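Read the structure below first, then the notes.
Please read these numbers as outputs of a predicted model, since none were measured by experiment.
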Amino acid sequence: GRLRILFITYYFPPYNSIGAVRTGKMAKYLRHLGHEVRVITAKNQPLQASLSLEIPESDVTYTPWCNVNRFAELILGGRRHVVTKGYTTNAHSLKWLGAVYKHLTNLPDGQIGWFPFAVAAGQALIGKWRPDVIFASAMPVTSLLVAHTNLQSMGSSSLPPTLRIVLSCKARSSLACIDIGSSPTS
């Protein structure tokens, strides 16, 4: 039957990354199979906005996000420097400071600044449109945390008994997909 699928993914068209290509095509093909798909993703990403959006824009919620690495980018010469050369510098003390900063602020990853905005968007959407499937795509791991938090906010007594939670994670050269099954019943 027709499913309502909530897709939670940081990377999504028009922002060009391999993760956005994968998730954009998956959303497109799920719609072609007759499913109702809604997407929560981040806007104004530091990537080229060159991919075509292949589902209706009205089905995509683009949320703001906070760049937790803004301070480090400023110290290293700005976002353009970081995009082209990464978080590298010739100064040994800055390398050490940068590593400490990144380990303290990037938990679980550099997209954690998207978390509160994505959770709020998910809760608003779930309040008016109840999904049958929550599909979270990672990397980044923050997408999985958003899915988990939104599931928790639904409350076990109000969960549809058939709700499925699917986690997708691109690791190295393979794609792992884990269906963790139906929602818990009370």
Side-chain angles (χ1 to χ4, degrees), residues 3 5-33 35-70 72-73 76-88 98-99 102-103 105-119 121-122 125 131 133-151 164-180:
L3 295 173
I5 302 170
L6 173 56
F7 213 122
I8 298 174
T9 176
Y10 182 85
Y11 296 112
F12 199 76
Y15 304 104
N16 196 344
S17 72
I18 193 62
V21 171
R22 179 174 53 86
T23 57
K25 294 294 184 185
M26 184 173 289
K28 171 188 171 180
Y29 293 123
L30 287 169
R31 284 184 50 81
H32 282 300
L33 290 171
H35 303 296
E36 200 175 331
V37 177
R38 299 289 183 274
V39 178
I40 296 173
T41 188
K43 67 179 174 182
N44 297 327
Q45 295 180 26
L47 300 166
Q48 289 184 352
S50 58
L51 292 179
S52 296
L53 182 61
E54 298 182 275
I55 67 171
E57 191 170 356
S58 60
D59 292 343
V60 182
T61 302
Y62 291 98
T63 69
W65 60 282
C66 176
N67 183 358
V68 296
N69 292 313
R70 177 87 174 122
E73 288 174 359
L76 293 173
R79 178 177 278 177
R80 178 168 282 161
H81 172 85
V82 171
V83 168
T84 58
K85 299 188 185 217
Y87 289 92
T88 61
K102 191 172 178 184
H103 282 85
T105 60
N106 286 235
L107 295 173
D109 51 49
Q111 290 74 29
I112 191 63
W114 178 57
F115 179 81
F117 303 102
V119 167
L125 183 58
V133 176
I134 297 176
F135 188 100
S137 178
M139 304 309 268
V141 173
T142 294
S143 298
L144 307 179
L145 293 176
V146 170
H148 175 76
T149 304
N150 277 309
L151 177 65
R164 308 292 289 186
I165 302 96
V166 179
L167 309 175
S168 171
C169 183
K170 174 74 171 84
R172 300 202 183 231
S173 61
S174 62
L175 178 66
C177 220
I178 303 164
D179 180 348
I180 62 174

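- Contact between Val68 and Gly110 at its shortest, heavy atoms only, is CG2-O, 3.6 Å.
- In this structure Asp59 satisfies the salt bridge (Lys or Arg N to Asp or Glu O under 4.0 Å) test together with Arg31, Arg38, sequence neighbours excluded.
- Residues passing the salt bridge (Lys or Arg N to Asp or Glu O under 4.0 Å) test with Lys43, sequence neighbours excluded: none.
- Val133 has its side chain within reach of Ile5: a pair of non-hydrogen atoms, C-beta onward, lies under 4.5 Å apart.
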Side chain to side chain contact (heavy atoms under 4.5 Å, CB included), that's the test. Do Thr9 and Val39 meet it? Break it down for me.
CA-CA 7 Å; Thr9 176; Val39 178; 4.0 Å; yes

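- Scanning both residues, Ala147 and Ile134, for their nearest heavy atoms gives CB-CG2, 3.9 Å.
- Across Phe117 and Cys66, no two heavy atoms sit closer than the pair CE1-N, 3.9 Å.
- Using a 4.5 Å heavy-atom threshold, the side chains of Leu145 and Phe115 count as touching.
- Residues Pro13 and Ser52 approach most closely at CB-O, 3.6 Å, considering heavy atoms.
- Shown here are the side chain to side chain contact (heavy atoms under 4.5 Å, CB included) partners of Ala121, two or more places apart in sequence or in another chain: Ile40, Thr61, Thr63.
- Under a 3.5 Å cut-off, the side chain of Asp109 and the backbone N or O of Val141 do form a donor-acceptor pair.
- For the pair Leu47 and Ser17, the tightest heavy-atom approach, listed with the atom from each and the gap, is CD1-CB, 4.1 Å.
- Considering only heavy atoms from C-beta on, Gln45 comes within 4.5 Å of Tyr11 through its side chain.
- With a 4.5 Å cut-off on side-chain heavy atoms, Trp114 and Val146 count as touching.
- Ring orientation note: the planes of Phe12 and Phe7 are tilted relative to one another, at an angle of 30° to 60°.
- With contacts defined as side-chain heavy-atom distances shorter than 4.5 Å, the pair Val119/Asn150 qualifies.
- A distance of 15.0 Å separates CG of Leu144 from OH of Tyr10, quoted to the nearest 0.5 Å.
- Contact between Gln111 and Pro140 at its shortest, heavy atoms only, is OE1-CB, 3.3 Å.
- Residues Phe135 and Leu30 have side chains not in contact (no heavy-atom distance under 4.5 Å, counting atoms from C-beta outward).
- A 6.0 Å sphere centred on NE2 of His148 holds no more than 12 heavy atoms belonging to other residues, nucleotides or ligands.
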